[in-house]
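Chain naming here is simple, since letters A, B, ... match the order of the sequence lines and numbering starts at 1 in each.
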Number of protein chains: 2
Amino acid sequence: MPKPVSRAYSHYSRDALLAFSQLIKRARIERKLTMQELADRAGISRGLLQRIEKGDPACAIGVVFEVAAIVGVRLFNADQATLATAISANNATLALLPKSVRPSSKQVKDDF
Amino acid sequence: MPKPVSRAYSHYSRDALLAFSQLIKRARIERKLTMQELADRAGISRGLLQRIEKGDPACAIGVVFEVAAIVGVRLFNADQATLATAISANNATLALLPKSVRPSSKQVKDDF
DNA sequence: CCTTTATGATTCATTTATAAACCATTATGA
DNA sequence: TCATAATGGTTTATAAATGAATCATAAAGG
């Protein structure tokens with residue numbers, strides 16, 4: 001079946017993505033890196049980097065995270081060790097949580 | 001021309017993505033949401049949500065951020081107002097920075 | 001236990017992202 | 001001011017992501 005032509009994004013996720021892209025662009029400029037240079041280091045095309053720095057939601061998340069890492073923009077304000085610790089902790093927590101969820105009565109919990 | 005068959009990701013960006021995906025899965029389970037239910041709310045397929053919760057780098061960043069927002073996972077630990085402020089501040093900063101960068105002498109500044 | 005269903009994994013068709021090559025514009029810095 | 005180069009925006013071909021359907025497994029919860 002056909003995929004939806006365009007997606008709907010919440011205000012929050014769009015802002016989050018925009019803020020993230022701005023941080024990347026800012027970090028690149030402050031490090032005096034050309035878009036071409038950064039693209040080369042990330043192994044992507046210059047055109048893709050342009051879309052990333054504009055906050056295009058369709059970019060692959062792995063590439064965006066990679067570019068961010070190259071220019072020093074951190075997620076969760078966490079360094080390598082902190083991330084590793086968080087991953088382990090999350091694995092432990094996930095092991096305790098139920099493996100599958102049975103919806104009791106279609107309860108909604110939207111609070112954002 | 002041909003795209004690279006597979007991409008190289010740094011350890012940091014992979015860990016960041018993995019940690020992020022774990023937070024999403026955890027939040028979904030704690031809210032007692034079925035993968036199908038969450039996928040429906042996000043307007044995506046269940047298969048794509050599976051990849052997102054496994055930390056697949058090829059997923060579109062907009063969709064991942066959207067899913068995260070739905071289950072309450074925040075980027076940068078920032079709420080809506082904080083994000084908006086950050087965006088404005090970044091715009092102001094970017095306006096002061098040079099519009100284009102001239103690489104003085106191929107200086108490298110990798111420190112991660 | 002046993003039934004029900006959520007999850008995991010695979011395959012296929014189709015849409016879409018991406019790379020590359022352009023051109024135009026703009027800004028840098030000499 | 002001027003020349004050079006970086007950025008922005010196109011277009012096109014190709015590779016890849018996504019949705020849908022299906023099957024198998026496992027786990028929830030009665």
Side-chain angles (χ1 to χ4, degrees), chain A residues 1-9 17 21-22 24-26 28-67 71 94-107, chain B residues 1-9 17 21-22 24-26 28-67 71 94-107:
Chain A
M1 285 305 207
K3 250 192 313 186
V5 220
S6 75
R7 267 185 208 295
Y9 295 101
L17 185 52
S21 68
Q22 285 179 328
I24 291 176
K25 178 168 190 171
R26 217 178 122 171
R28 173 183 63 81
I29 296 177
E30 286 171 347
R31 293 190 174 216
K32 302 194 192 310
L33 282 177
T34 292
M35 297 193 80
Q36 186 65 61
E37 291 172 337
L38 179 52
D40 288 343
R41 288 200 199 181
I44 64 177
S45 66
R46 190 170 62 91
L48 178 53
L49 179 58
Q50 282 193 35
R51 287 183 12 235
I52 291 175
E53 291 194 353
K54 281 201 310 184
D56 189 330
C59 300
I61 191 173
V63 177
V64 181
F65 276 31
E66 182 67 24
V67 170
V71 294
L94 282 172
L96 299 180
L97 263 50
K99 276 79 181 175
S100 70
V101 173
R102 297 284 181 134
S104 309
S105 57
K106 293 296 182 196
Q107 49 186 318
Chain B
M1 282 320 189
K3 252 193 313 187
V5 232
S6 75
R7 263 182 214 295
Y9 295 102
L17 185 52
S21 67
Q22 286 178 327
I24 292 176
K25 178 169 192 174
R26 218 178 121 171
R28 174 183 63 81
I29 296 178
E30 287 170 346
R31 292 188 174 216
K32 302 194 192 308
L33 282 176
T34 292
M35 297 194 81
Q36 186 65 62
E37 291 172 336
L38 179 53
D40 289 344
R41 289 202 198 181
I44 64 175
S45 65
R46 188 171 64 91
L48 178 53
L49 180 58
Q50 282 191 37
R51 293 206 296 281
I52 291 175
E53 290 195 353
K54 281 201 310 182
D56 189 331
C59 300
I61 192 172
V63 177
V64 182
F65 276 31
E66 184 66 25
V67 169
V71 295
L94 282 173
L96 299 180
L97 263 47
K99 277 80 180 172
S100 70
V101 173
R102 297 282 182 134
S104 309
S105 59
K106 293 295 182 197
Q107 47 187 319

State whether K32(A) places a side-chain N or O below 4.0 Å from either non-bridging phosphate oxygen (OP1 or OP2) of dA6(D). no
Nucleotide dA6(C), atom P - distance to CD1 of I29(B) in whole Å: 14 Å
Answer yes or no: is there a side-chain heavy-atom contact under 4.5 Å between P57(A) and V63(B)? no
Closest-nucleotide ordering on DNA chain D, the 5'-leading residue of S45(B) and P98(A): S45(B)
Side-chain N or O of R7(B) closer than 4.0 Å to phosphate OP1/OP2 of dA19(C): yes
In whole Å, what is the span from the CD1 atom of I61(B) to the C1' atom of dT18(C)? 16 Å
Measuring to OP1 and OP2 of dA17(C), would you say a side-chain N or O of R51(A) lies under 4.0 angstrom away? no
Just compare dT18(D), dA27(C), dG8(C) and give me whichever is closest to any side-chain atom of Q50(B). dG8(C)
Could you state the atom-to-atom distance from CE of M35(A) to P of dT28(C) in whole Å? 15 Å
Nearest whole angstrom, please: distance from the P of dA28(D) to the NZ of K99(A). 6 Å
Can you tell me if S45(A) uses its side chain to pair, donor with acceptor, with the backbone of L48(A) under 3.5 Å? yes
dG8(C) phosphate, OP1 or OP2, under 4.0 Å from K54(B) side-chain N/O: no
Is E30(B) paired with R26(B) through a side-chain N to carboxylate O contact shorter than 4.0 Å? yes
Distance, rounded to the nearest Å, where L94(B) contributes CG and dA27(C) contributes P: 15 Å
Expressed as a whole number of angstroms, how long is the span from R102(A):CZ to dT4(C):P? 10 Å
What is the separation between atom CD1 on I44(A) and atom P on dA20(C), rounded to the nearest whole Å? 11 Å
Of V101(B) and S100(A), whose nearest nucleotide on DNA chain C comes first from the 5' end? S100(A)
Would you kindly compare L48(A) and Q36(B) by the position of their nearest DNA chain C nucleotide and give the one closer to the 5′ end? Q36(B)
Please state how far atom CG in L97(A) lies from atom C1' in dA6(C), giving the value in whole angstrom units. 15 Å
Between R46(B) (side chain only) and M35(B) (backbone N and O only), is there a donor and an acceptor less than 3.5 Å apart? no
Just N and O in the side chain of R46(A): are any of them under 4.0 Å from OP1 or OP2 of dA5(D)? no
With a 4.0 Å cut-off, would you call R28(B) and E53(B) a salt bridge? yes
